[in-house]
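Naming: A, B, ... by sequence-line order, numbering from 1 per chain. No hydrogens, no waters, no symmetry mates; every other heavy atom, side chains included, goes into these values.
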Amino acid sequence: MSNKVRVRFAPSPTGGLHLGGVRTVLYNYLFARHHGGDFVLRIEDTDQSRYVAGAEQYIYDCLEWCGLSPDESPLKGGPYGPYRQSERKELYRKYAEQLVAQGNAYYAFDTPEELEQMRSSLKTDTNPTPQYDSKTRMQMRNSLTIDEAEVKELLDKGTAHVIRIKMPAGETISFTDMIRGEISNSSDLVDDKVLLKADGMPTYHLAVVVDDYLMKITHAFRGEEWLPSAPVHILLWRYLGWQDAMPQWAHLPLILKPDGHGKLSKRDGQRLGFPVFAMRWKDAATEEVLDGFKEQGFLPEAFINILAMLGWNDTTEQEVFSLDELVQKFTIDRVHKGGAKFDYDKAKWYNHQYIMKKTDAELLPLVKPFMEEHGVQIADDYLLRVIALVKERCHLLTDFWLQGHFFFIEPPTMDIEAIKGKWNEQKQAFFAGWVQQLDTVAEWTAHTLEDNFNQHATDAGLKKGELMLPLRIMLVGGKYGPGVFDIAEMIGKEAVGKRVNVVLAQL
RNA sequence: GCCGCGUUGGUCAAGGGGUUAAGACGCCUCCCUUUCACGGAGGAAUCACGGGUUCGAUUCCCGUACGUGGUACCA
């Protein structure tokens, strides 16, 4: 019996992979690697009504982009498969029946309507959500209230039923969370959760326990939203006789909306203008497409770094960590208890750090697709020079186009007003004349061009300072970008002449 | 409603019985730059509240408030 660390990420394939989900993956991954353990991907597809085509493949794609690929998964296989819960369906019934036989669970025959009726009839102001629990179960139709022969008959007839856990009365159930320490709950406050559904599929509660056991999971990370049902899981480990093999729990804090209240949702991203998913997700039903951090121009290293720091730090002032460094330094005791609001500005700052860390050559293949989206074909050596010139002003990969499109196309918008203010005949004449003599410039470099420009300004009795901004606007379209003469050198004599004349005609 | 969990500047956060309470993002000012950005120098801004314990609490304890999660045949 080895005690090798084994962790798992267990998403339901129901849609886009959310920031919080990726962070859960990341902490799992870091913990596993830090301890030389295994990282397992298990697909929790027990809710057939929520099945979404393509969602599973999408998860693999996201993990790969993030560089957090699992050691075992439905795709990769492994010694504890299958890794898709729908394919493990037959396994679970046995354990549910075992619990019934032991008296820790029971059959329930109540229809959805009957449940609804119970809830609405028992509902009061002080108890708005009546539960199926020790107080109400004896009024319901289950193997606790129906005599044995009749239960057998119902079962034999194939009557629809579920199996529910029989929560004990008056017990305090406690466990130690790696992040939060000792946590206690009263068994009276938890309802008799359904373990096995009418369709024969397990619920999360049963499946997570059975699979974590069978897959020899040693440490279980999950979101804080699971804390209230943890007592059910603890009890299940105990009732099934596996208590000694129970993993250590760690309930991760939530990632919250930057403004307002509540946990971050995909709607917030749309509302506030930032992605929430790792990669683009297209909802097949609604045709709705939501871009992810990838499409928004984030580097996966930066994305990972951002997530790592949202709820964890190593006590030093260091904020930029490579994956390897994170693996080396990550410990759960440094994970926060409180939720963190997501800050998109800081996220962009991180990405900028990574853009600056990369060489121009490394950036080239990353930037290129984002440029080609705009329909331009660019030679690599030319793009390389553009990258060198604009990278310091790019926070996102998408910014390279915003900051450098004028290297490839004529400015689509022109801040003509910025020139008009102090414009006069003399300047008009100056630019017209300057453009005409461009052929005489000895060599087409930023340096000689600038000398040439200065000379002409002096000859015309104008100050260079009054002319620089107009020239920039003519070439770029706005008040931004690298040095004007660097730009002029790059785009060439013809383009400079053309752009200047186009603007001159408008003044 | 009930139950769980949480709470250091606007945000991420270090710290943890005695500190000028780090650092980063963002914001503001200045320098560099005849643009923007990068870089540099500054600045404003924080221990939710009330009781204890203590010579001394941001730090420990208890309340309150607030936030957040759960309260499904969803995960």
- Note on the structure: note: A:Arg93, atom CZ; B:C73, atom P; distance rounded to Å ~ 17 Å
From the list [options], which nucleotide is the closest neighbour of the side chain of [X]?
X        : options             : result
A:Arg334 : B:C38, B:A14, B:G4  : B:A14
A:Asp47  : B:C3, B:C74, B:C12  : B:C74
A:Ala340 : B:C73, B:G70, B:C12 : B:C12
A:Arg180 : B:A24, B:C73, B:G6  : B:G6
A:Glu317 : B:G1, B:C74, B:A22  : B:A22
A:Asp345 : B:A75, B:G26, B:C12 : B:G26
A:Asn313 : B:C73, B:A14, B:C25 : B:A14
A:Pro128 : B:C3, B:G1, B:C12   : B:G1
A:Glu224 : B:C12, B:C5, B:A13  : B:C5

- Query: For A:Pro412, which residues count as a side chain to side chain contact (heavy atoms under 4.5 Å, CB included) partner, sequence neighbours excluded?
  - Reply: A:His405, A:Ile409
- Message: Would the distance check show the side chain of A:Asn351 and the main-chain N or O of A:His395 forming a donor-acceptor pair, the cut-off being under 3.5 Å?
- Response: yes
- Taking the same atom, C1', in B:G9 and in B:G50, what whole-Å distance lies between them? 23 Å
- Task: Quote, to the nearest angstrom, the C1' distance that separates B:C49 from B:C31.
- Result: 44 Å
- Query: Can you find a pair of side-chain heavy atoms, one from A:Asn142 and one from A:Thr145, that are under 4.5 Å apart?
  - Reply: yes
Donor-acceptor contacts under 3.5 Å from residues 164-171 of chain A side chains, at least two apart:
residue  : atom : partner  : partner atom : Å
A:Arg164 : NH1  : A:Asp192 : O            : 2.7
A:Glu171 : OE1  : A:Arg238 : NH1          : 3.3

- Message: Counting Watson-Crick and G-U wobble pairs with both distances under 3.5 Å, what is the dot-bracket string for RNA chain B, 5' to 3', using [ ] for crossing pairs and | for pairs to another strand?
- Response: (((((((..(((.....[....))).(((((.......)))))....(((((..]....))))))))))))....
- Give, ordered by number, those residues of residues 464-487 of chain A having at least one heavy-atom distance below 4.0 Å to an atom of RNA chain B; if nothing qualifies, reply none. A:Lys464, A:Gly465, A:Met468, A:Arg472, A:Lys479, A:Tyr480, A:Gly481, A:Pro482, A:Gly483
- Give, ordered by number, those residues of residues 384-410 of chain A having at least one heavy-atom distance below 4.0 Å to an atom of RNA chain B; if nothing qualifies, reply none. A:Glu392, A:Arg393
- Option from A:Ile146, A:Val100, A:Leu144, A:Val151 for which side chain to side chain contact (heavy atoms under 4.5 Å, CB included) with A:Tyr106 holds: A:Leu144
- Which residues satisfy the side chain to side chain donor-acceptor pair (under 3.5 Å) test with A:Gln455, sequence neighbours excluded? A:Asp459
- Quick one: salt bridge (Lys or Arg N to Asp or Glu O under 4.0 Å) partners of A:Arg267, sequence neighbours excluded? A:Glu288
- Query: Does A:Glu97 have any salt bridge (Lys or Arg N to Asp or Glu O under 4.0 Å) partners at least two apart in sequence or in another chain, and if so, which?
  - Reply: A:Arg93
Exercise answer: donor-acceptor pairs, residues 461-470 of chain A side-chain atoms, under 3.5 Å, sequence neighbours excluded:
residue  : atom : partner  : partner atom : Å
A:Lys464 : NZ   : A:Glu450 : OE2          : 2.7
A:Glu466 : OE2  : A:Lys463 : N            : 3.3

- Write out all pairs satisfying salt bridge (Lys or Arg N to Asp or Glu O under 4.0 Å) with one or both partners inside residues 195-206 of chain A, taking only residues at least two apart or from two chains. none
- Message: Show me the pairs that pass side chain to side chain donor-acceptor pair (under 3.5 Å) and involve residues 11-23 of chain A, at least two apart or across chains.
- Response: none
- Task: For A:Trp226, enumerate each residue passing the ring pair (Phe, Tyr, Trp, His ring centres under 6.0 Å) test, keeping only those at least two apart in sequence or located in another chain.
- Result: A:Tyr204
